[in-house]
Undergrad: 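I'd like to ask you about the structure that follows.
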Amino acid sequence: MKIVRATHLGMCFGVRDAIRFAQGQSAEKPITVLGDLVHNESVLDELRASGVQFQHQVSDVKTESVMITAHGASERTRSAARERGLNVLEATCPLVHAAHRAVARLANQGFHPVIIGKRDHVEVRGLTEDLTEFDVVLEEADVAALKERPRFGIAAQTTQPIDRVRRLVRMVGERFPRSQVQFVDTVCQPTKQRQTAAIEMARKSDVVIVIGGSHSNNTRELVQTCARFCSRVYHVQRAVDLRAESFEGAETVGLTAGTSTPDWIVDEVENWLMNVSRSAATGLETTQT
């Protein structure tokens, strides 16, 4: 059994930097992260073990310092933290900051903001909470529900597949031909790289394993993307979630991982696959003998 890693996979620089920042700050004094720093339970467990606390509401923070996650937050949330006298630590990914600036710029220029993404995702909430009026779309039905505006300004959650984003932008333009539609591409480069690499890998695989947290949006998007090109796709969080029977008859197994998945988990899964492959080969040799 051949194991093929996608050329781009796993933890991105924004997540990696946020984790290191949290670890460094917590080593000096107690901190609370507002929300989940990353959508990966294994990483969160490690951070909890090092003393990092997590709360979803500013009002529940008991430490002197509160950290904004890599997913970002609204200025409204930051202001609420400062009003409580909290020291706000910034771990927002620079590419998410760029998305915030793009959305604010569109709104200031008189465009009606439309965000392509999941309405309840923490990043989308951060992008929209400072806006007085906006729409969030993710499916064709959402575009069909939009009201006509003279000007639409469209940006995207940074972890959305770029093909979906471009398709929805095109649909808005077709639905409202009299409106001006301005699109700013805010999908981050790591997401684009992982999506493209996942497609290339899935095309030549009999089975694909996608490693990532169950609540990770970009991991679920990788699963959906790979499923378009490979009929056997499994989403796992750790090697313990794998089953040997899932790989029966597979000559090539593809491996990719979401942007919150640390290298050691990718290595763990690959080692598990290598052991299964060796066991299968040994069994075959014994049979032939």
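Sequence positions, counted from 1, serve as the residue numbers for this chain.
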Undergrad: Kindly state each residue pair satisfying side-chain hydrogen bond (donor to acceptor under 3.5 Å, both in side chains) with at least one member in residues 94-120, sequence neighbours excluded.
TA: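 Checked against side-chain hydrogen bond (donor to acceptor under 3.5 Å, both in side chains) - neighbours excluded - the pairs reaching residues 94-120 are His112-Asp135.
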Undergrad: Can you tell whether the side chains of Asp267 and Arg5 come within less than 4.0 Å, N to carboxylate O?
TA: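 Judged by the 4.0 Å cut-off on N to carboxylate O distance, Asp267 and Arg5 do form a salt bridge.
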Undergrad: State the CZ-OG1 distance between Arg76 and Thr128, to the nearest 0.5 angstrom.
TA: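 Result: 9.0 Å between the selected atoms.
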Undergrad: Side-chain contact, heavy-atom cut-off 4.5 Å: Leu106 with Pro113?
TA: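 A side-chain contact under 4.5 Å is absent here.
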Undergrad: Could you go through the side chain to side chain contact (heavy atoms under 4.5 Å, CB included) check for His39 and Thr159 one step at a time?
TA: CA-CA 13 Å; His39 290 150; Thr159 55; over 6 Å; no
Undergrad: So Ser246 and Val207, do their side chains get closer than 4.5 Å, heavy atoms only?
TA: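 When only atoms from C-beta onward are counted, Ser246 and Val207 do not touch, as no gap falls below 4.5 Å.
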Undergrad: Is there a path of hydrophobic side-chain contacts, each under 4.5 Å between heavy atoms of I, L, V, M, F, W or Y residues, that connects Leu222 with Met201?
TA: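 Same hydrophobic cluster.
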Undergrad: What pair of heavy atoms forms the shortest contact from Val136 to Gly117, and how long is it?
TA: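 So the minimum-distance heavy-atom pair works out to CG1-O, 3.4 Å.
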Undergrad: Would you find a donor on one side and an acceptor on the other, under 3.5 Å apart, between the side chain of Ser50 and the backbone of Leu47?
TA: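 Flag set: sc Ser50 to bb Leu47 pair under 3.5 Å.
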Undergrad: What's the shortest heavy-atom distance between Ala239 and Val269, and which atoms?
TA: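 Closest approach of Ala239 to Val269: N-CG2, 3.9 Å.
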Undergrad: Is it the case that the side chain of Arg220 and the backbone of Ser214 share a donor-acceptor pair, with hydrogens and angles ignored and the cut-off at 3.5 Å?
TA: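 Between the backbone of Ser214 and the side chain of Arg220 there is a qualifying donor-acceptor contact (under 3.5 Å).
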Undergrad: Do the non-hydrogen side-chain atoms of Ser260 and Thr219 ever get within less than 4.5 Å of each other?
TA: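 They are not in side-chain contact.
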Undergrad: Between Asp45 and Arg48, does any side-chain N to carboxylate O distance fall below 4.0 Å?
TA: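 Salt bridge: yes.
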Undergrad: Between Glu139 and Ala141, is there a donor-acceptor pair closer than 3.5 Å when you use the side chain of the first and the backbone of the second?
TA: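 Such a contact is absent between Glu139 side chain and Ala141 backbone.
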Undergrad: Are any side-chain N or O atoms of Arg149 and backbone N or O atoms of Phe111, one a donor and one an acceptor, separated by less than 3.5 Å?
TA: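 Checked: no pair found.
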Undergrad: Please table the atom pairs, donor to acceptor, closer than 3.5 Å between any side-chain atom in residues 10-28 and protein atoms at least two apart or in another chain.
TA:
unit_1: Arg16; atom_1: NH2; unit_2: Met11; atom_2: O; d: 3.2
unit_1: Ser26; atom_1: OG; unit_2: Ala22; atom_2: O; d: 3.0
unit_1: Ser26; atom_1: OG; unit_2: Gln23; atom_2: O; d: 3.1

Undergrad: Report yes or no: does Asn271 contribute a side-chain atom to a donor-acceptor pair with the main-chain N or O of Glu268 at less than 3.5 Å?
TA: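 It does not hold such a pair.
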Undergrad: Between Trp264 and Leu44, is there a shared hydrophobic cluster once you connect ILVMFWY residues whose side-chain heavy atoms come closer than 4.5 Å?
TA: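 No, Trp264 does not connect to Leu44 through the hydrophobic network.
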Undergrad: Between Thr92 and Ala73, what is the shortest heavy-atom contact and its length?
TA: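 The pair with the smallest heavy-atom distance is OG1-N, 4.5 Å.
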Undergrad: Linking Ile, Leu, Val, Met, Phe, Trp and Tyr through side-chain heavy atoms less than 4.5 Å apart, which residues share a cluster with Val240?
TA: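 In the cluster with Val240 there is nothing else; it is isolated.
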Undergrad: Are Gln237 and Ile265 close enough, and set up right, to give a side chain to side chain contact (heavy atoms under 4.5 Å, CB included), and what steps lead you there?
TA: CA-CA 8 Å; Gln237 297 187 77; Ile265 292 183; over 6 Å; no
Undergrad: Does the side chain of Glu148 come within less than 4.5 Å of Ser179's, by heavy atoms?
TA: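 Ser179 reaches Glu148 side chain to side chain.
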Undergrad: How far apart are the closest heavy atoms of Thr261 and Gly212, and which atoms are they?
TA: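 Answer, listing the atom of Thr261 first, then Gly212: OG1-CA, 3.3 Å.
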Undergrad: Flag yes if more than 12 heavy atoms outside Glu64 fall under 6.0 Å of its CD atom; otherwise flag no.
TA: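 For Glu64, atom CD is not crowded (no more than 12 foreign heavy atoms under 6.0 Å).
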Undergrad: Out of curiosity, does Met274 fall in the hydrophobic cluster containing Val208 (side-chain heavy atoms, cut-off under 4.5 Å, transitive links)?
TA: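 No, Val208 does not connect to Met274 through the hydrophobic network.
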Undergrad: When you compare the side chains of Gln53 and Thr63, does any donor N or O come within less than 3.5 Å of an acceptor on the partner?
TA: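 Judged by distance alone, the side chains do not pair up.
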Undergrad: Please walk me through it: do Glu90 and Arg78 pass side chain to side chain contact (heavy atoms under 4.5 Å, CB included)?
TA: CA-CA 10 Å; Glu90 187 60 73; Arg78 290 183 179 85; 2.9 Å; yes
Undergrad: Is there a path of hydrophobic side-chain contacts, each under 4.5 Å between heavy atoms of I, L, V, M, F, W or Y residues, that connects Leu34 with Leu86?
TA: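 Yes, same cluster.
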Undergrad: Where is the tightest heavy-atom contact between Ala144 and Arg175, given as atom of each residue plus distance?
TA: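 Where Ala144 meets Arg175 most closely, the heavy atoms are O-NH2, 2.9 Å.
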Undergrad: Report the residues that fulfil side-chain contact (heavy atoms from CB on, under 4.5 Å) with Gln57, sequence neighbours left out, ordered by chain and then residue number.
TA: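 For Gln57, the residues satisfying side-chain contact (heavy atoms from CB on, under 4.5 Å) (neighbours in sequence not counted) are Ser59, Asp60.
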Undergrad: Quiz question: by atom type and distance under 3.5 Å, do the side chains of Thr158 and Glu123 form a donor-acceptor pair?
TA: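 Yes, a side-chain donor-acceptor pair sits under 3.5 Å.
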Undergrad: Testing the 3.5 Å rule here: is there a donor-acceptor pair between the side chains of Gln195 and Thr225?
TA: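 Indeed, the side chains of Gln195 and Thr225 share at least one donor-acceptor pair under 3.5 Å.
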Undergrad: Hey, are Glu75 and Arg82 close enough for a salt bridge, meaning a charged N less than 4.0 Å from a carboxylate O?
TA: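 Looking at Arg82 together with Glu75, the answer is yes, because their closest N to O distance falls below 4.0 Å.
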Undergrad: Roughly how far, to the nearest 0.5 Å, is SG of Cys226 from CZ of Arg232?
TA: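 It comes to 14.5 Å.
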Undergrad: Answer yes if Val276 and Ile211 sit in the same cluster of Ile, Leu, Val, Met, Phe, Trp and Tyr residues linked by side chain heavy atoms under 4.5 Å apart, and no otherwise.
TA: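 Same cluster.
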Undergrad: Minimum heavy-atom separation for Ala70 to Val96, with atom names?
TA: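 Ala70 and Val96 have their closest heavy atoms at O-CG2, 3.6 Å.
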Undergrad: Are His121 and His71 packed together at the side-chain level, in the sense that at least one heavy-atom pair is separated by less than 4.5 angstrom?
TA: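 Side chain of His121 against side chain of His71, heavy atoms only: contact under 4.5 Å found.
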Undergrad: What ring pair (Phe, Tyr, Trp, His ring centres under 6.0 Å) pairs are there with at least one residue in residues 185-242, not counting sequence neighbours?
TA: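 Every candidate ring pair (Phe, Tyr, Trp, His ring centres under 6.0 Å) pair involving residues 185-242 fails, so no pair, neighbours aside, qualifies.
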Undergrad: Closer than 3.5 angstrom, by distance alone: can the side chain of Thr32 be matched with the main-chain N or O of Val61 as a donor-acceptor pair?
TA: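 The answer is no, because no donor-acceptor pair under 3.5 Å joins these two groups.
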Undergrad: May I ask you to list the residues sharing a hydrophobic cluster with Leu146, side-chain cutoff 4.5 Å, ordered by chain and number?
TA: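 Its cluster partners, ordered by chain and number, are Val114, Ile116, Val137, Val143, Phe152, Ile154, Ile162, Val165, Leu168, Val169, Met171, Val172, Phe176, Val181, Phe183, Val187.
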Undergrad: For the pair Trp272 and Phe247, name the ring-plane relationship: parallel under 30°, tilted 30 to 60°, perpendicular over 60°.
TA: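 Taking Phe247 first and then Trp272, their aromatic rings sit tilted (interplane angle of 30° to 60°).
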Undergrad: Take Thr186 and Gln160 through the test side chain to side chain contact (heavy atoms under 4.5 Å, CB included) and record every step on the way to the result.
TA: CA-CA 9 Å; Thr186 53; Gln160 284 295 311; over 6 Å; no
Undergrad: Indicate yes or no: at least one non-hydrogen side-chain atom of Lys192 is less than 4.5 angstrom from one of His8.
TA: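 Result no, sub-4.5 Å side-chain heavy-atom pair not found.
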Undergrad: Return yes if some donor-acceptor pair links the side-chain N/O of Arg84 with the main-chain N/O of Val58 below 3.5 Å, else return no.
TA: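 The answer is yes, because a donor-acceptor pair under 3.5 Å joins these two groups.
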Undergrad: Heavy-atom distance under 4.5 Å between the side chains of Asp36 and Thr69, does that happen here?
TA: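 The answer is no; the side chains never approach within 4.5 Å.
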